[in-house]
Q: 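Structure in structure tokens, see below.
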Protein chains: 2
Amino acid sequence: MDHKARFAGHSGDRGGGKSNLNASKPATIEDVALIAGVSIATVSRALNEPGKVADSTRRRVIDAVAQTGYTTNAMARSLRMRRSHMILILAPDVGDPNFSNILVGLETEASKRGYGILIGNTQNDPEREANYLRFISSNQADGLILLTGHLPYGLTASGPNKKLPPMVAVNEPVANASIPFVGVDNFEGARVATDHLISQGHTRIAFIGKSLSRTVASLRERGYRTAMQGAGLTIDERFVLEADGTTESGRGAAERMFVRDQLPTAFFCVNDATALGVIIALSARGYDLPLDFSVMGFDDISYASFVTPSLTTMKQPRLQIGEASMDLLLAMLEGEEVKKREILLRSDLILRNSVAMRRA
Amino acid sequence: MDHKARFAGHSGDRGGGKSNLNASKPATIEDVALIAGVSIATVSRALNEPGKVADSTRRRVIDAVAQTGYTTNAMARSLRMRRSHMILILAPDVGDPNFSNILVGLETEASKRGYGILIGNTQNDPEREANYLRFISSNQADGLILLTGHLPYGLTASGPNKKLPPMVAVNEPVANASIPFVGVDNFEGARVATDHLISQGHTRIAFIGKSLSRTVASLRERGYRTAMQGAGLTIDERFVLEADGTTESGRGAAERMFVRDQLPTAFFCVNDATALGVIIALSARGYDLPLDFSVMGFDDISYASFVTPSLTTMKQPRLQIGEASMDLLLAMLEGEEVKKREILLRSDLILRNSVAMRRA
DNA sequence: ATGGGTAATGAAAAGGTTTACATGACTTTC
DNA sequence: GAAAGTCATGTAAACCTTTTCATTACCCAT
């Protein structure tokens, strides 16, 4: 009571302003200024650059803010500052277990630095991609995180002459465009994975998941080849099979393998989903894994440990990837000097039960 | 060329305006108006209410828009309209496989209706929840989707006197607050699940996952009890065990079961994660599933089919849930008369290999 | 005392829309 | 042929900030 009256007195200082206090509309900076007995400029400064305002007035402003429940209108601020403090994340499928923790990492880092995230699920539909660009062009988002592996349709079309918005490609690099990239070192990871199979005595190692179009797949294949070569093993090209990265494609590839006269003893699969398909196919044929065949995946998706046999694989540090890429993007946005335009994180070998020593 | 000149002529009509055409800044409505030779009001109308503008001028406006590459500045529009066309989604863990497709559904429906989504990962941290409310209070989001099962911290505190923003609770209802809800019919689903076990000849059926605090768990427990009662079976209360819904809790509960003198023949688990824990525990003890014990889950999370034995469970129509809840929220937002404040979707029984006839 | 510098504040512009109200031309109606 | 509409458009206010520039008050050194 007492203290309400005190503030009322303050507000009276400036005479009959157009006070809106009892209206139900949210308080504006003007309401705060009125109560604190200062100009709106001072209120703005008190909140955003506290150092530039006298202690006593700052206190009055803070009190007034508390009293009115004022929160600055983000739209007005963004309009004036031309910064929304929002980041648009474009992903082909938000539900993809591969993305889950990357999203969490992205969100965590963004939130920590006062940014919000805005999600666009494109399903690789050019129309949806282009549509989401309006968030960028209309200033609703300051930057772009690309989980799609390619430039969104609208940007591709307008060509490289137009200046691209600040963006970072994550997980899957963008071909033919020097977009900063954050992801796992796929080449090195595949090498480590293959080396592990070799260390278990395997020499006839198949690679399931060759793909000309997907950069990640090519890198992993190269890692596989390098490891084989490094160990002095020759690659039977009939053991290198195409697959598009789905469980079904893995199953199919494994089936195709059985028309050959000779079989590998181990399968290195381009990712866990593919590996799962291979496991399903082999189990269906009655083989005992990992006794009869070893199967190695890549990614360590959430259910890799629940499959039977549980999947030996390379773990992607997803949380880290998310955080690092958001960190990079925000650094770019805030004008910090960014030296590394490519951040490759290490993936770790996760030993489980789908890989065993080659049978003597 | 020719046609550029034509437009230049138009723009000249109004005399020396402050044309900004060659500047690198994005075009504003004023630039368009200048070129089309109309006022900015007309441009706005031509774009937003085409019917209110003469055909000929509308064409000129459209041409001018194309020429300038104009896109309306979302910030300015939102500021003026007090509508951001953004929806804030609050989830405890975006990476949770239970949410994945709900998110996709939410995004799809929102995008279809011209809204964008903004994601807040709260990790059940009151501070983060409260922090995200600024998106609502600052007009950055028009509505709220709650996947958390409770009101975000800031709202709880301010009490029910303050008017709540438009919101819809999804998946997990919010207790003690009449928030519109969209989710699966947990009671009915649990009844169907239990009935299935009963139909397989089981009579000693355990319920793993009792929880006093989680509404969903209580509903499922009630469904279980109702089914048992309906079949004239008595529930051995020692078979009703608490568990918090994690895999680890399921494993622990199953272990606790083995200190009893009598065992159930089937386990109905409050969710798939719990069921997985139970399967792990039973397998570790050397039992042969589903021969020795039947295990039933709930949710049909993504890896339910990859577990061994693959999990018989109740499928949540996640995509539908997401779409329906966004639809409901947007309807509320756009002032449509909303009759149903609760939408319960049916969950379907998914038959797999973790449930079998009771051994004779 | 005077001039120059600094610190705290205010007035007003700018940011880009939408929209209530006004205006003017043209059509209809008696 | 005048009054009453209707239709297309324009003017200007409103939305709520941040920030430039100007102003005032004060202090210090000369």
Q: Rounded to whole angstrom units, what separation is found between the CZ atom of Arg83(A) and the P atom of dG15(C)?
A: 17 Å
Q: Let me see the working for Ile89(A) and Val94(A) under side chain to side chain contact (heavy atoms under 4.5 Å, CB included), right down to the final yes or no.
A: CA-CA 10 Å; Ile89(A) 298 176; Val94(A) 190; over 6 Å; no
Q: Any sub-3.5 Å donor-acceptor pair from Glu129(A)'s side-chain atoms to Tyr153(A)'s backbone N or O?
A: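 Confirmed, Glu129(A) side chain pairs with Tyr153(A) backbone.
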Q: Could I get the full list of side chain to side chain donor-acceptor pair (under 3.5 Å) partners for Arg58(A), not counting sequence neighbours?
A: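 Arg58(A) satisfies side chain to side chain donor-acceptor pair (under 3.5 Å) with Asp55(A) only.
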Q: Can you check whether Ile321(A)'s main-chain N or O pairs, donor with acceptor, with Ser325(A)'s side chain at less than 3.5 Å?
A: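 Yes; at least one donor-acceptor contact below 3.5 Å.
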Q: In this structure, how many angstroms lie between the C1' atom of dA14(C) and the CE atom of Met75(B), rounded?
A: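 Between C1' of dA14(C) and CE of Met75(B): 17 Å.
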Q: Restricting to side chain to side chain donor-acceptor pair (under 3.5 Å), what partner residues turn up for Asn131(B), sequence neighbours left out?
A: Arg134(B)
Q: Are there any protein N/O atoms within less than 3.5 Å of an N/O atom in nucleotides 20-23 of chain C, and if so, which ones and at what distance?
A:
none

Q: Would you say Thr42(A) places a side-chain N or O within less than 4.0 Å of OP1 or OP2 belonging to dG10(C)?
A: yes
Q: Flag yes if more than 12 heavy atoms outside Glu127(A) fall under 6.0 Å of its CD atom; otherwise flag no.
A: no
Q: Which atoms of nucleotides 15-17 of chain D (N or O only) lie under 3.5 Å from a protein N or O atom, and what are those distances?
A:
residue	atom	partner	partner atom	Å
dC16(D)	OP1	Arg82(B)	NH2	3.2
dT17(D)	OP1	Tyr70(A)	OH	2.9
dT17(D)	OP1	Asn73(A)	N	3.3
dT17(D)	OP2	Ile29(A)	N	2.6
dT17(D)	O5'	Tyr70(A)	OH	3.0

Q: Between CD of Gln67(A) and CD1 of Ile62(A), what distance do you get to the nearest 0.5 Å?
A: 13.5 Å
Q: dT9(C) C1' sits how many Å from Arg60(A) CZ, rounded?
A: 11 Å
Q: Taking the axis from the first five pairs and the axis from the last five, what angle separates them in the helix from dA1(C)-dT30(D) to dC30(C)-dG1(D), rounded to 10 degrees?
A: 50°
Q: dA8(D) P sits how many Å from Arg58(B) CZ, rounded?
A: 10 Å
Q: Which part of the nucleic acid, if any, lies within contact of Ser78(B), taking any heavy atom under 4.0 Å across all strands shown: a base, the sugar-phosphate backbone alone, or nothing?
A: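 No contact at all - Ser78(B) keeps every heavy atom at 4.0 Å or more from the nucleic acid.
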Q: Got a donor-acceptor contact below 3.5 angstrom from the Thr148(B) side chain to the Ala91(B) backbone?
A: no
Q: For Glu107(A), which residues count as a side chain to side chain donor-acceptor pair (under 3.5 Å) partner, sequence neighbours excluded?
A: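 Side chain to side chain donor-acceptor pair (under 3.5 Å) list for Glu107(A), sorted by chain: Arg128(B), Tyr132(B).
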Q: Report yes or no: does Ser44(B) contribute a side-chain atom to a donor-acceptor pair with the main-chain N or O of Ile40(B) at less than 3.5 Å?
A: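 No, the answer is negative, given that no donor and acceptor are paired below the 3.5 Å cut-off.
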Q: Does the Arg341(A) side chain pair with the main chain of Ser178(A), one donor and one acceptor, at a distance under 3.5 Å?
A: yes
Q: Provide, to the nearest angstrom, the distance between the CG atom belonging to Leu47(B) and the C1' atom belonging to dT19(C).
A: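 In whole Å, dT19(C) C1' and Leu47(B) CG are 15 Å from each other.
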